[in-house]
Amino acid sequence: IQLERDGISTTEITLAFPLRDPPRAHGAEAERAAPPPALDVFAYLPLRSYGLRFLLQADWMVPSSREAVDASSAWNQFLRDRVPALLRHAADEFVARASARLEAGDAAGAAHLMSLFLEGLPVAGQVVDFFAPLAGAAAAALRGCRCVLAADGQFGFLERLRVRALFAAAVRRCRRR
């Protein structure tokens, strides 16, 4: 692959997940808490939102208008394709920090921290345009990752969360009937 950044042998890609205090409400009110907003992608300055719920900063190639990432750039495609591995690394960091909170007896803090990570993951249909492929690629990168904190304090696989969510949605639909 010919990359447009001749002479550059390294670059940095930064992910930043927004942190916020846990909701004060419990039960149904806590479940209705709004998800984090979609955030801008940065090329040192903000470009625009692509539906990602974490900040993404990289040395993107941009047109002179600086309004978007140049989707035709092989360099940008190269950078974008590195993001799923960074999300996996972020998962490991969140798990390590949540584990430390569990060891300190702060199960609620650990659960909140892991929920912030899970809320930040790219979701198909929400992530758009050049970054739309990140939803599937992130899911693939997180397969086999124990990044879901269960009620018993153990970390489980993300795939099980999807199955549980689908089952819970089906149960709610049946209860409404």
Side-chain angles (χ1 to χ4, degrees), residues 1-22 34-101 109-149 155-162 165:
I1 187 169
Q2 178 63 34
L3 301 177
E4 292 113 87
R5 296 291 184 161
D6 292 331
I8 295 179
S9 60
T10 63
T11 191
E12 190 171 293
I13 303 170
T14 304
L15 309 179
F17 287 79
L19 301 180
R20 63 181 187 280
D21 291 331
L39 302 170
D40 286 343
V41 169
F42 285 73
Y44 303 104
L45 294 171
L47 298 174
R48 62 167 271 224
S49 174
Y50 288 87
L52 297 171
R53 297 190 186 282
F54 57 88
L55 293 176
L56 177 58
Q57 154 59 46
D59 186 19
W60 306 107
M61 300 284 292
V62 296
S64 60
S65 67
R66 290 201 46 86
E67 293 177 354
V69 171
D70 178 1
S72 67
S73 163
W75 173 259
N76 288 345
Q77 293 165 18
F78 171 79
L79 294 176
R80 178 196 58 204
D81 293 347
R82 301 303 170 271
V83 173
L86 295 173
L87 287 168
R88 175 61 189 250
H89 180 71
D92 295 339
E93 288 293 323
F94 271 87
V95 167
R97 291 170 190 267
S99 294
R101 287 191 175 197
H112 177 67
L113 190 59
M114 292 313 301
S115 72
L116 293 174
F117 171 71
L118 294 172
E119 289 173 351
L121 292 177
V123 175
Q126 293 178 0
V127 181
V128 297
D129 301 332
F130 178 72
F131 291 98
L134 283 183
L142 291 169
R143 270 193 197 96
C145 178
R146 292 181 176 270
C147 59
V148 177
L149 182 59
F155 287 92
F157 296 107
L158 188 60
E159 295 84 19
R160 292 190 183 144
L161 176 68
R162 182 179 302 142

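Because only heavy atoms are used, hydrogens play no part in the values below, and waters and symmetry mates are left out as well, while side chains stay in.
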Quiz item: If you look only at pairs with a residue in residues 79-91, which of them pass as a side chain to side chain donor-acceptor pair (under 3.5 Å), with sequence neighbours excluded?
Solution: none

Quiz prompt | Contact check, side chains of P122 and V83, non-hydrogen atoms, under 4.5 Å | solution = no

Practice problem: Taking the side chain as every heavy atom from C-beta outward, state whether M114 and V95 have any atom pair closer than 4.5 Å. | Solution: yes

Quiz item: Is the F94 ring parallel, tilted or perpendicular to the F117 ring (thresholds 30°, 60°)?
Solution: tilted

Self-check item: CZ on F54 to OG1 on T14, rounded to 0.5 Å
Solution: 11.5 Å

Quiz prompt | Gap separating the SG atom of C147 from the CG atom of L121, nearest 0.5 angstrom | solution = 7.0 Å

Exercise. Report yes if the distance between the aromatic ring centroids of F131 and W60 is under 6.0 Å, otherwise no.
Key: yes

Quiz item: Rounded to the nearest 0.5 Å, how far does CG of L79 lie from CD of Q57?
Solution: 10.5 Å

Exercise. Look up atom CG in L47 and atom CZ in R66, then write down how far apart they are to the nearest 0.5 Å.
Key: 5.5 Å

Exercise. Determine the minimum heavy-atom distance between A71 and Q77, stating which atoms define it.
Key: O-NE2, 2.9 Å

Practice problem: Please round to the nearest 0.5 Å and tell me the distance separating atom CG of L86 and atom CG of L15. | Solution: 5.0 Å

Quiz item: With a 4.5 Å limit on heavy-atom distance, are the side chains of P18 and L116 in contact?
Solution: no

Quiz item: Between the side chain of N76 and the main-chain N/O of D70, is any donor-acceptor distance below 3.5 Å?
Solution: yes

Quiz item: Any salt bridge (charged side-chain N to carboxylate O under 4.0 Å, His left out) pairs touching residues 126-142, not counting sequence neighbours?
Solution: R48-D129

Exercise. Only counting residues at least two apart or in another chain, list the ones meeting ring pair (Phe, Tyr, Trp, His ring centres under 6.0 Å) with F130.
Key: none

Self-check item: Pairwise side-chain contact, Y50 with L56, heavy-atom cut-off 4.5 Å (strictly under)
Solution: no

Quiz item: Which residues pass the ring pair (Phe, Tyr, Trp, His ring centres under 6.0 Å) test with F155, sequence neighbours left out?
Solution: none

Self-check item: For the student: nearest non-hydrogen atoms of V127 and G51, plus distance
Solution: CG2-O, 3.9 Å

Exercise. Nearest 0.5 Å please: distance from the CG atom of D59 over to the CH2 atom of W75.
Key: 6.0 Å

Would you be so kind as to tabulate the donor-acceptor pairs closer than 3.5 Å made by side chains of residues 35-42, with sequence neighbours excluded?
{"residue": "D40", "atom": "OD1", "partner": "S49", "partner atom": "N", "Å": "3.2"}

Quiz item: How would you list all residue pairs meeting salt bridge (charged side-chain N to carboxylate O under 4.0 Å, His left out) that involve residues 112-122, not counting sequence neighbours?
Solution: R20-E119

Self-check item: P84 versus L134, closest heavy-atom pair with distance
Solution: CD-CD2, 3.8 Å

Exercise. Could you walk me through whether R53 and Q126 pass the side-chain contact (heavy atoms from CB on, under 4.5 Å) test, one step at a time?
Key: CA-CA 9 Å; R53 297 190 186 282; Q126 293 178 0; 3.5 Å; yes

